[in-house]
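One structure is given here, and the rest of the page talks about it.
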Amino acid sequence: MELVEESPFRFRIDRRDPMRVPGVVFASRALLPDVGSDRSLEQVANVATLPGIVGASYAMPDVHWGYGFPIGGVAATDVAAGGVVSPGGVGFDISCGVRLLATDLDRADLPRLRDALMDGLDAAVPRGMGRGAVWHLADPAELDAVLRGGSRYAVERGHGVPRDLDRCEDFGAVADADPAQVSERAVQRGQGQVGSLGSGNHFLEVQAVDAVHDEPVAAAFGLRAGQVVVMIHCGSRGLGHQICTDHVRAMEQTMPRHGIEVPDRQLACAPVDSAQGRAYLGAMAAAANYARANRQLLTSAARRVFRRVAGSGLDLVYDISHNLAKIETHGVDGVDRRLCVHRKGATRALPPGHPDLPADLRAAGQPVLIPGSMGTASYVLTGVAGAPAFASTCHGAGRVRSRSQAMKTVRGQELRRELEARGIAVRGASWRGLAEETPEAYKDVTAVVDVAEGAGLCRRVARLVPLGVVKG
DNA sequence: ATGTTC
């Protein structure tokens with residue numbers, strides 16, 4: 001894979017057949033994937049072959065190997081030019097994302113509150129493989145309402161306040177969700193998981209605002225130095241996973257009929273403007289709403305704990321996905337086009353003034369929420385005008401070692417002791433899960449954010465550090 | 001990520 005260094009934070013993979021556009025990798029030399037162990041740059045080139053792709057196949061600084069598309073990949077296709085949608089460009093955890101909540105507390109309050117808060121959260125946050133959820137749905141019809149209404153439905157049912165919806169991407173629910181495209185098996189898997197963290201890299205953290213890099217923007221987001229905040233990172237659980245599985249399989253069948261050939265079966269896709277493409281987008285939107293309702297329910301659970309233990313509210317700063325495809329309008333060669341923008345392990349980053357932002361965030365830009373690896377910093381960023389890559393940036397630290405490799409480097413008990421010794425309270429679901437998430441298995445999130453900012457993808461607003469982690 | 005291999 002030949003990379004041309006265009007600038008300190010931008011590398012190009014030149015177009016060659018059957019690529020339709022070049023690849024562009026936003027990285028430093030140090031952050032470039034290790035070609036010996038990670039084939040994500042080949043995946044960037046593979047994505048560049050997709051019908052209708054415009055601009056380039058982009059990789060964010062946290063790029064790593066994924067299913068078909070790299071994680072940390074952005075690809076936009078032109079709907080009117082036969083552009084495709086691909087489930088692999090969204091990922092198995094549809095609308096996995098992050099929500100940040102601001103407390104009334106200062107980090108100086110935490111020593112006396114921390115144990116009670118963490119024990120309360122430990123008991124209130126269902127997590128781990130399978131088992132448990134905040135919300136026990138009355139019947140399948142109620143799941144249908146979740147799939148259509150997302151956070152909006154959860155708030156209608158008393159799990160939150162109307163202001164929450166102003167601070168959600170899409171104001172709490174993606175339009176055009178089509179529960180009829182969600183299989184019976186996906187429904188079964190989703191029925192009992194609304195309001196659950198899951199496992200892997202998902203977490204609920206109590207954090208402190210450790211540094212403010214842009215005072216006015218942080219203030220517009222409702223953040224100040226020393227403030228205690230809560231970050232929730234989770235997705236659409238078994239429901240999203242099943243939808244991805246179902247629709248990849250269906251598209252493998254329909255691709256020949258659409259005359260589409262791809263260099264990797266995992267790039268299965270269909271034209272956005274086709275029955276199969278619309279079916280996937282309808283099911284994907286349903287899963288996106290499920291993921292947002294999931295984060296809304298976990299918010300509700302965390303609010304009860306913070307109210308009871310600390311007398312504090314939790315104000316939503318923002319809720320944003322990093323695994324989603326969206327139909328958006330962007331200028332391409334000076335002409336506005338309707339594009340299907342795939343962001344997989346990449347975060348939408350709307351610039352100041354964007355009409356999709358709520359009025360009180362319009363001047364500041366969209367809060368971009370970047371979860372770090374366990375025990376390390378997380379970041380709040382914002383979008384910038386004129387950025388490349390269709391208003392997208394990184395999504396996290398980016399894994400560099402597999403789960404099995406991670407488990408060889410450290411034991412869960414040992415990791416917990418190390419974190420506790422550094423003043424970070426740990427409430428895990430399993431020792432194994434903890435070990436798999438050792439920060440040694442990830443890139444340095446600060447280096448990722450440095451490059452994202454240096455490449456002009458976003459701007460830094462605040463740095464957050466963990467005080468306590470409830471781990472899936 | 002994931003009823004961690006329908």
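All of these numbers come straight from a predicted model, not from anything done at the bench.
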Next on the checklist: Let me spell it out: for each of A:Q188 and A:R249, pick the nucleotide of DNA chain B with the closest heavy atom. Which residue's pick is nearer the 5' end?
Outcome noted: A:Q188
Item to check | Rounded distance (Å) that lies between atom P of B:dG3 and atom CD1 of A:I243 | outcome: 13 Å
Item to check | Sequence neighbours excluded, every pair satisfying salt bridge (charged side-chain N to carboxylate O under 4.0 Å, His left out) that has a member inside residues 243-258 of chain A | outcome: A:E252-A:R265
Checklist outcome for this item: In whole angstroms, the gap separating P of B:dG3 from CZ of A:F92 amounts to 12 Å
Checklist entry - With a non-hydrogen cut-off below 4.0 angstrom, is A:R185 in contact with a base, only sugar-phosphate, or nothing? => result base
Checklist entry - Whole Å only: how far is the CD atom of A:Q242 from the P atom of B:dG3? => result 9 Å
Item to check | d(CG, A:D93; P, B:dG3) in whole Å | outcome: 10 Å
Item to check | Flag for A:H233-A:H395: side-chain donor and acceptor within less than 3.5 Å | outcome: no
Checklist entry - How many Å lie between CZ on A:R189 and C1' on B:dT4, as a whole number? => result 11 Å
Checklist entry - How is A:R237 classified with respect to the nucleic acid when contacts are heavy atoms under 4.0 Å: base, sugar-phosphate, or nothing? => result sugar-phosphate
Next on the checklist: Test your reading of the model: is there a side-chain donor-acceptor pair from A:D264 to the backbone of A:G68, 3.5 Å cut-off?
Outcome noted: no
Item to check | Side-chain N or O of A:S199 closer than 4.0 Å to phosphate OP1/OP2 of B:dT2 | outcome: yes
Checklist entry - Can you check the A:Q191 CD to B:dG3 P distance for me, whole Å? => result 15 Å
Next on the checklist: With a cut-off of less than 4.0 Å, is there a side-chain N or O of A:Q193 near OP1 or OP2 of B:dG3?
Outcome noted: yes
Checklist entry - Taking C-beta and beyond as the side chain, do A:T438 and A:T409 meet within less than 4.5 Å on heavy atoms? => result yes
Checklist entry - With a non-hydrogen cut-off below 4.0 angstrom, is A:G235 in contact with a base, only sugar-phosphate, or nothing? => result nothing
Checklist outcome for this item: Rounded to whole Å, CG of A:N294 lies from C1' of B:dT2 at a distance of 14 Å
Next on the checklist: Expressed as a whole number of angstroms, how long is the span from A:L239:CG to B:dT2:C1'?
Outcome noted: 12 Å
Next on the checklist: Other residues, nucleotides and ligands only: do more than 12 of their heavy atoms fall within 6.0 Å of CZ on A:R20?
Outcome noted: yes
